[in-house]
Structure formats: C-alpha cells, structure tokens
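For ligands, and for the atoms within them, numbers begin at 1 and follow the listed sequence. Residues take their numbers from the sequence shown, with the count starting at 1.
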Amino acid sequence: MAISGKTRIYAVIGDPVEHSLSPVIQNAAFNALNINGVYTAFRVKSSDVATALSGIRALGVLGLNVTMPHKEAVISYLDWIDEPAKFLNSVNTIHNKDGKMLGYSTDGIGALRALRENGAAPCGKKVLILGAGGAARAIAYSLIQEADELVVLNRTVSEAEKLSEILKRKFNKKISTGSLSPEVIKEKIKNTDILLNTTSVGMTPNINQSVITPDILKTDLTVMDIVYNPCETQLIKDAKAVGARVVNGIEMLIYQGAAAFEIWTGQQAPVQVMREAILEQNVGV
Ligand code: ATR
C-alpha cells in the first residue's frame, strides 16, 4: 500500500538492530493484509531509551518490538506489562494503544506455537531444554505450563538451577537441572519427548557444531533449535537423519512475530507469507 498521511509506523528498537529480520516479516504481513503500516528499525543507545519511548508516545508509533539490550530497560516506561513479561522481567513487544503503552513478552508463546503448529504440542510431554539464558527462560516459562516435566541443562549449572528455582516457585511441576556434558545429555534424552536447543552453538559461522552427538538422537523425538542462522543447523540435520520430527529456528521467529502482529492489529497473522518472506532472504544459506 502506498505511504500516505494515514500510514502508521511500527519499528524494532535495539542496538545493534540493522540485521533484524522483523522488518521483513512484518512488512510482508502488512502488505498481504493490505494494512496501511510501515515497519522499520531504530538503533537506540541504552542512554536514550527513555527519550526514545517518549518520542514513540508523542509521535503515535503504534507498535514496537524490543531487542537486545533494551528488553528490561523499557519496562519502567510502560503503563502495563503482561504476566510472562513480569515473570521474565523482559518485554519484546509494545503496543501504543489509546494513549497507553502496553508491554508483552512473545518469545515463549512463539516457541509454543512453533511446536504446536508443527505437530508437537508439549501438553503432557517431557521437555529437555539445553541452555538457561534469556531465550531459555522465556521458552521454559511457556512450556512448563503445558508439559509434564522439564529438564534444564546448561554449561553453567548454577544458571540452570536459578531458572529451575524461579519456575518451581510458580509452577507445581517436576523440574530438574544438570550440566551440558555429553554423559548427562545422553542420560536425560532417554526420557525426553521434546528437545530444545536454546544455546548459540551451531550459529553461523560455527555451522558444523552441535550441542549433541548424533548417535544419541532417536526417531521418537521432536528436536527444536532456536538458532535460525543457518536455518538448518547441524543439530536439525542430525535429527532429520535419524527420522526425528524437527522444528527450526525460523518457526519460532515467525510465531513470535505473528504474536506481535496479532497484538497490534487484532487480525490473524498471515504466517505462511511471513515464512516465505524470511526464506526469500536466504537466511543462513
Ligand atoms: P539468549 O538471550 O539467546 O538466550 P543468553 O542469555 O546470552 O542469550 O544465553 C546464551 C545461552 O547459550 C546460555 O545458556 C549459555 O550458557 P552459559 O550460561 O554457560 O553461558 C549458552 N551458550 C553460549 N555459548 C555456548 C557454548 N559454546 N557452549 C555451551 N553453551 C553455550
């Protein structure tokens, strides 16, 4: 749609931000649904977060995504945040609605929807999460509400323990922790339905690396990797080779973007259009 006086602005803020794929995903969705909106990227320094958000209010920018390093800092300038954002102390989506700035965290719901839409709903399943950083926390928070059992393994075990403690305080579920060693992974994977890599292992340029040796993967496993560059990581290749169900990082990216789009527009996101737009960028090829 041609830009006019009625065009609404949306953006991602972060630092750095110029490589974000969010403009590609969201503009494709606006075009597909004939929405008069434009989505761009603003590089915002940490010292400018407060003034940037005042500007967003003043200019009536309708929707924002927030990426590193501002996901926590934006919270004090918002009027309301949702439950996941409160728990995670992290906001990745802002809706400037009727003069109020509303904050959401859509990372976890993105992972949950990516699993569901790919035939691997975590309801009643045993989930093994590798990593305990920001992404792991968001995903664990969403998945634990449906899964039967959760195991968190991390290189720094104390981080996995911290995550387990805060989850246990809120949810009455079986959660255990351990190190990311091959022996522990091998033992825990025996009792796993869904395995999620949330570490950066395998990301470009280290595309031949994987957190898991292929021999311990099994057919009756769903393997999801949140690394989307390359879109088919070594872990995903190995999982495919043993006949496991796979969900790649692009899927999480799409569904977390879809959640933001739905918050801003109230319309169902055109996920296939969003997926094709990303794949056209040749991510990780
Ligand atoms: P994100 O927001 O993407 O989750 P993060 O919060 O920096 O990023 O978390 C990165 C995760 O990847 C952590 O679990 C980290 O493990 P540590 O807590 O031990 O640092 C994990 N990670 C990063 N590089 C890794 C590597 N080479 N091997 C194993 N784990 C790694």
Colleague: So which heavy atom in the protein is nearest atom 3 (O) of ligand 1, and how far is it from that ligand atom?
Modeller: Ala135 CB, 4.1 Å

Colleague: Side chains of Ser4 and Asn36 only: does a donor on one sit below 3.5 Å from an acceptor on the other?
Modeller: yes

Colleague: Please classify the Thr199 to ligand 1 contact at 4.0 Å (heavy-atom distances, strictly less than): side chain, backbone, both or neither.
Modeller: both

Colleague: What is the closest protein heavy atom to atom 27 (N) of ligand 1, and at what distance does it sit?
Modeller: Arg155 NH1, 3.4 Å

Colleague: Considering only heavy atoms from C-beta outward, does the side chain of Phe171 approach that of Gln145 to under 4.5 Å?
Modeller: yes

Colleague: Linking I/L/V/M/F/W/Y whenever their side-chain heavy atoms sit closer than 4.5 Å, directly or via other members, would Leu115 and Val246 fall into one cluster?
Modeller: no

Colleague: So, for atom 25 (C) of ligand 1, does the protein have a heavy atom nearer than 4.0 Å?
Modeller: yes

Colleague: Which is it for Leu180 and ligand 1 at heavy atoms under 4.0 Å: side chain, backbone, both or neither?
Modeller: side chain

Colleague: Do Asn65 and Tyr39 have side-chain N/O donor and acceptor atoms under 3.5 Å apart?
Modeller: yes

Colleague: Taking Lys240 first and then Glu232, would you say they form a salt bridge - that is, a charged N and a carboxylate O separated by under 4.0 Å?
Modeller: yes

Colleague: Counting heavy atoms only, which part of Val201 comes closer than 4.0 Å to ligand 1: side chain, backbone, both or neither?
Modeller: side chain

Colleague: Is Glu251 salt-bridged to Arg275, cutoff N-O under 4.0 Å?
Modeller: yes

Colleague: So if you build clusters from Ile, Leu, Val, Met, Phe, Trp, Tyr with side-chain heavy-atom gaps below 4.5 Å, do Val223 and Val227 land together?
Modeller: no

Colleague: Check Ala132 against ligand 1 and report side chain, backbone, both or neither, counting heavy atoms closer than 4.0 Å.
Modeller: backbone

Colleague: Examine Gly131 against ligand 1 and note whether any of their N/O atoms are separated by less than 3.5 Å.
Modeller: no

Colleague: Among all protein heavy atoms, pick the one closest to atom 17 (P) of ligand 1 and tell me residue, atom and distance.
Modeller: Thr156 OG1, 3.4 Å

Colleague: Suppose we screen for side chain to side chain contact (heavy atoms under 4.5 Å, CB included). Which residues come up paired with Lys100, at least two apart in sequence or across chains?
Modeller: Asp79, Leu102

Colleague: Tell me the protein heavy atom at minimum distance from atom 10 (C) of ligand 1, and give that distance in Å.
Modeller: Gly133 CA, 4.5 Å

Colleague: Can you find an N or O of Asn154 that's nearer than 3.5 Å to an N or O of ligand 1?
Modeller: yes

Colleague: Suppose the criterion is ring pair (Phe, Tyr, Trp, His ring centres under 6.0 Å): which pairs have a residue in residues 101-140, not counting sequence neighbours?
Modeller: Trp80-Tyr104

Colleague: Identify the closest protein heavy atom to atom 23 (C) of ligand 1: which residue and atom is it, and at what distance?
Modeller: Ser200 OG, 3.4 Å

Colleague: Flag atom 7 (O) of ligand 1 as yes if some protein heavy-atom distance to it falls below 4.0 Å, otherwise no.
Modeller: no

